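Quick notes on the structure that follows.
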Amino acid sequence: MSGPGAAANGEFDPSIALTELSPGDAVHLAGLLMADLRRHQATFLRAVAFKEYRSAVRAAHSLASIAAAVGGRAVSRLAWKAEQLVLARDWERAEGLEQALCLSLNTLVEEIERWQAGLLGRTDACEPPDDGTHSGGEGRT
Amino acid sequence: MKALVCDDDASTRFMVRRLLEDNFGCGVSECGDGVELLEMMARTRFAFVLLDLEMPTMNGVETLEEMRHSDVARDTPVIIVSRQREEEAIARLLPLGIADYLLKPLRNDVALRKIEKLMEGLPRPAMEARELDRIRLAADTPALLVDGNLDYRYFFTSQVERYGRVVHAESGAAALSLCKTNFFPLIFVGSELGVVSGCRVAQKLRSRHPSGLRIVRIAGDDEAPPDLDLFDGSIARSYVPDTFRAAVRPYLFIPGAFTALSEVVPELPEITSSAATQVFGMMFDSEVRSSSETGVLPVGFSSTVEITLDGRFAIRLGVHLPRASAVAAASKMAGAPAEDVPDEDCLSVAGELGNIITGRVHARFGERQMKSVCGLPELTASESFEQPDEGNGLIQRFTMPGVGDFLISILVTDHVGGARVKTQAGGERNPATESEAEDVVPAEPTGVGAGAH
């Protein structure tokens, strides 16, 4: 199943994880995926800050894997790199990677959210403004 | 058949649940870490488990190790679902007896093939085969009623909710929508369903769940017999409780009072048993053991206490001592020769033992935040004790060196889903329970004289 907003930036590709689902299930799963991504992101940031080795490895690993499952190549690549740095206990460089990882994650989550909104028919959130210059979905949090 | 999915990612749990429900008609329970899994497995028997490796609190390997050391989960087949691709990590799991390994992200075709292979090899106990004929409702396996008539829905629910949960849909479309996110092993399809007819509902559900689903037509007087390719049978649309219950009985497992109690508090026999072995043992400075003796045990002194649990069950707990055991116990407690022990002291011993059991039961239910109300103890001095015939239950027999044998009985004298029952301590009675006597199945064997079973 594809939908509005699919793979807008080459990140999120619903055809990988959400095929063969009813629209209702796909919307629900999209919500769960976003929540899981955000949860692992928070765990990773906290674990790196407190140098919690196991948690950091697990969170980075999960982020990489979930991102790959929905086509999020940038997040997947950065999370994999972060995992390698934590495995090497290079906390300084892992911390340095955080900003890029968070930015990529934001993009990915926004794309999933936009796709979900499109599927839900919540066009009010994505409708172009009166001047017609809006490209759809921008400005949503 | 019930499966348990253990994964800290809700998205993975959701995908696996859809896979199992849509393709195998399984009931699926979920948990987020190993601790939760072990707690659930202690309460419920699962046919197999899908287990993630990377989880907080207790990871998959630790969980699997605990399972293999546990009596209840030792032999449960486990499929690992993980992102872990390293051969070394997977090899470490093999000694723990895993049935298969699924890589994340899940590929439906691979997952289907592996789960199908696992399910083909699962033993099907005789108990389950019998229960397939009559569906057993539970909190996570409710029945679905599809009917456009509000009065009938109300009547149906009032009758069936005594035996388990019922979910309603007022139209065919609403039913199909509900069935996308929930699995109902038993579906009753009535009339006035709107645009999507009863046959269409059955067709769609059959295509989604080729097996493990029972659909029953509720037919009005003037309706043609149902299409047996779509429906497993039909019941007459009756508002007469007795007629209705007789009609649903072939499809619905209606538990007896003790069975219903065991589903809510399976640990009750264990609580009474541990009170007997630990506290009585300390009181009499003797090692109390559970006895497998099944011979007749004439009872001289009894103490029974009534408990209402959660407003749903009237339970009569009893301690029954043969005269010789009561005299020996009273003699030990008073430090007096057996020939000097009066009957009142024997009765006091029975009463005291009864109070200990009741105290333990109350304490445990309090821990679980279940409300119980205790009735006044009833003491009897008689040559024999007969089990009341209005209920069913369990009788445990114990032996205590230096004192003798005694019995503890747990009799459920009344039960009803969600309504209140009356006890000696007072309370209310729902008129619905009055007609439930026929559903109370006596346990086998029933007599106290028959001893423990």
Side-chain angles (χ1 to χ4, degrees), chain A residues 1 12-44 46-47 52-73 75-76 79-80 83-84 86-87 108-109 112 116, chain B residues 5 7-23 28 30 32-34 52-63 80-86 88-89 102-112 173-183 204-205 207-208:
Chain A
M1 174 179 296
F12 173 54
D13 182 357
S15 70
I16 298 177
L18 304 167
T19 45
E20 295 175 21
L21 287 177
S22 66
D25 280 354
V27 164
H28 184 61
L29 180 56
L32 296 176
L33 284 165
M34 287 188 282
D36 284 341
L37 283 168
R38 288 301 192 199
R39 185 168 55 84
H40 290 306
Q41 178 189 15
T43 306
F44 178 74
R46 192 191 59 236
E52 292 169 357
Y53 177 77
R54 275 181 66 173
S55 293
V57 171
R58 195 177 58 236
H61 191 88
S62 298
L63 272 176
S65 170
I66 295 177
V70 294
R73 287 193 298 272
V75 173
S76 181
W80 180 83
E83 186 190 348
Q84 300 308 308
V86 176
L87 282 170
L108 177 60
V109 169
I112 300 176
Q116 186 191 41
Chain B
V5 180
D7 195 304
D8 63 322
D9 285 334
S11 52
T12 306
R13 294 200 302 267
F14 178 78
M15 284 189 279
V16 176
R17 172 186 276 274
R18 303 298 299 139
L19 194 78
L20 290 169
E21 288 179 346
D22 289 351
N23 296 283
V28 180
E30 298 178 11
D33 66 41
D52 182 25
L53 286 184
E54 300 87 11
M55 294 184 294
T57 319
M58 182 187 268
N59 69 30
V61 177
E62 292 162 342
T63 307
I80 299 291
V81 184
S82 174
R83 303 178 172 98
Q84 188 62 258
R85 284 171 160 76
E86 287 169 26
E88 199 183 313
L102 283 170
L103 278 175
K104 285 185 190 174
L106 281 181
R107 277 183 49 200
N108 273 12
D109 53 340
V110 178
L112 280 174
L176 292 178
S177 169
L178 263 174
C179 289
K180 273 184 186 162
T181 48
N182 302 282
F183 175 72
K204 290 283 278 183
L205 295 180
S207 66
R208 278 189 210 164

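Numbered from 1 within each chain, the chains take letters A, B, ... in sequence-line order. Everything quoted here is computed from the prediction, not taken from an experiment.
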Starting at CG of B/Leu53, measure out to CD of B/Glu62 and round the result to the nearest 0.5 Å. 11.0 Å
Can you tell me how far apart CG (B/Leu102) and CZ (B/Arg83) are? Round to the nearest 0.5 Å.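 Interatomic distance, B/Leu102 CG to B/Arg83 CZ, rounded to 0.5 Å: 13.0 Å.
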Part of B/Arg13 lying under 4.5 Å from any heavy atom of chain A: neither
With the threshold set at 4.0 Å, does a side-chain nitrogen-carboxylate oxygen contact exist between B/Lys104 and B/Asp52?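 Yes.
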If you check every heavy atom in residues 54-62 of chain A against those of chain B, which residues fall under 4.5 Å? A/Arg54, A/Arg58, A/His61, A/Ser62
Do side-chain atoms of B/Asp9 reach the backbone of B/Ser11 as a donor and acceptor pair under 3.5 angstrom? no
Please check: side-chain N/O of A/Arg39 versus main-chain N/O of B/Asp8, any donor-acceptor pairing under 3.5 Å?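 Side chain of A/Arg39 to backbone of B/Asp8, a donor-acceptor pair under 3.5 Å: yes, one is there.
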Highest number of heavy-atom pairs under 4.5 Å with chain B: which of A/Leu32, A/Ile66, A/Asp36?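 The option with the most such pairs is A/Asp36.
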Give the C-alpha distance, both sets of side-chain angles, the deciding distance and a yes or no for side-chain contact (heavy atoms from CB on, under 4.5 Å) between A/Asp25 and B/Phe14. CA-CA 9 Å; A/Asp25 280 354; B/Phe14 178 78; 3.8 Å; yes
Intermediate values then yes/no, side-chain contact (heavy atoms from CB on, under 4.5 Å), A/Trp80 and A/Leu63: CA-CA 8 Å; A/Trp80 180 83; A/Leu63 272 176; over 6 Å; no
